[in-house]
Amino acid sequence: MKRRELPASIQSSIYNFQFLMRTLPRSFYLRPTVRVARDLLGKYIVRVLRGRKLTGKIVEAEAYCEGDRASHSYRGRTKRNDVMFWEGGHLYVYFTYGMHFCANVVTRKAGRGEAVLIRAVEPIGGVDVMLKNRSGRNRRIARQSLSNLTNGPAKFCEAFRITREQNGIDLLGNQIYILNGVRIPESKVGRSARIGVNNGRERRWRFFVKGTAWVSR
DNA sequence: TGGACGATCCCCT
DNA sequence: GGGGATCGTCCAT
């Protein structure tokens with residue numbers, strides 16, 4: 001039996017799909033941090049949890065750089081912020097306000113201490129698991145509205161069950177990774193000062209996708 | 001060894 | 001829009 005060629009349009013779709021589903025390479029993370037923050041918009045972060053895949057489209061991110069007074073790394077390397085100084089492409093998770101975790105993508109080469117805080121994602125897959133993760137503490141939460149699920153850095157971590165145990169994970173591994181996505185056009189990218197930051201308020205290093213319900217505040 | 005505070009969230013007014 | 005929850009981290013004694 002003769003093997004038939006797939007129509008060009010389908011071949012193109014398959015190619016696009018494979019491109020979308022490709023894990024971001026190390027080189028993506030080694031670039032300047034502000035660029036990485038902007039380019040993370042529209043990418044898909046995947047968390048493998050007990051055989052389930054939780055997927056979110058990144059819609060808000062903030063850059064924290066070397067010499068930046070708002071950054072955890074500003075006062076040098078400590079036990080807490082150690083992962084920030086690892087090579088780009090690792091996950092830096094920190095604990096704050098006595099009850100919340102926040103997740104960052106480490107950038108640049110080892111020793112720099114720069115990272116991008118993931119502030120919000122749009123839930124794409126595994127929403128049922130996210131709902132469970134978010135309503136575990138008797139909270140009404142996301143039942144009110146799905147946008148409450150992941151529209152903040154600590155909410156994202158709770159929904160994706162990211163805690164200190166995930167601190168230092170390599171994003172080129174198979175537990176938590178980030179897939180390529182469609183590039184968000186410049187016209188849809190918003191930019192502002194970072195949230196909750198006083199030192200460094202003049203730096204407009206927060207990037208978000210305009211018009212989505214999952215951007216914080 | 002103590003104290004101030006934080007890249008937040010939720011509930012109540 | 002304001003305050004309380006809640007605890008690890010860091011720096012000053």
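On a predicted model such as this, the values are computed, not experimentally measured, just so you know. In what follows, every heavy atom counts, from backbone to side chain, and hydrogens, waters and symmetry copies are set aside. A, B, ... follow the sequence lines: proteins, then strands. Residue 1 opens every chain.
- In this structure, B:dG2 and C:dC11 make a Watson-Crick or G-U wobble pair, each of the two defining distances being under 3.5 angstrom.
- You'll find the side chain of A:Val48 stays beyond 4.5 Å of the side chain of A:Leu54, heavy atoms only.
- The separation of B:dA7 from C:dG1, taken at their P atoms, amounts to 22 Å, rounded to a whole angstrom.
- Between A:Lys79 atom NZ and C:dC10 atom P there is a gap of 10 Å when expressed in whole angstrom units.
- In this structure C:dG2 sits in a base pair with B:dC11, meeting the Watson-Crick or G-U test at under 3.5 Å.
- A salt bridge links A:Arg26 with A:Glu87; the closest basic N to acidic carboxylate O contact falls under 4.0 Å.
- Using modelled atom types, no side-chain atom of A:Glu62 and backbone atom of A:Ile118 make a donor-acceptor pair closer than 3.5 Å.
- Using a 4.5 Å heavy-atom threshold, the side chains of A:Met130 and A:Thr150 count as touching.
- Using a 4.5 Å cut-off on side-chain heavy atoms (C-beta onward), A:His72 and A:Tyr92 make contact.
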Footprint string (nucleotides 1-8 of chain B, 5' to 3'): B base within contact, S backbone only, - free, heavy atoms under 4.0 Å:
-----BBB

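- Taking 4.5 Å as the limit, some side-chain heavy atom of A:Lys155 sits within range of a side-chain heavy atom of A:Arg134.
- Whole-Å rounding puts the A:Arg75 CZ to C:dT9 C1' distance at 12 Å.
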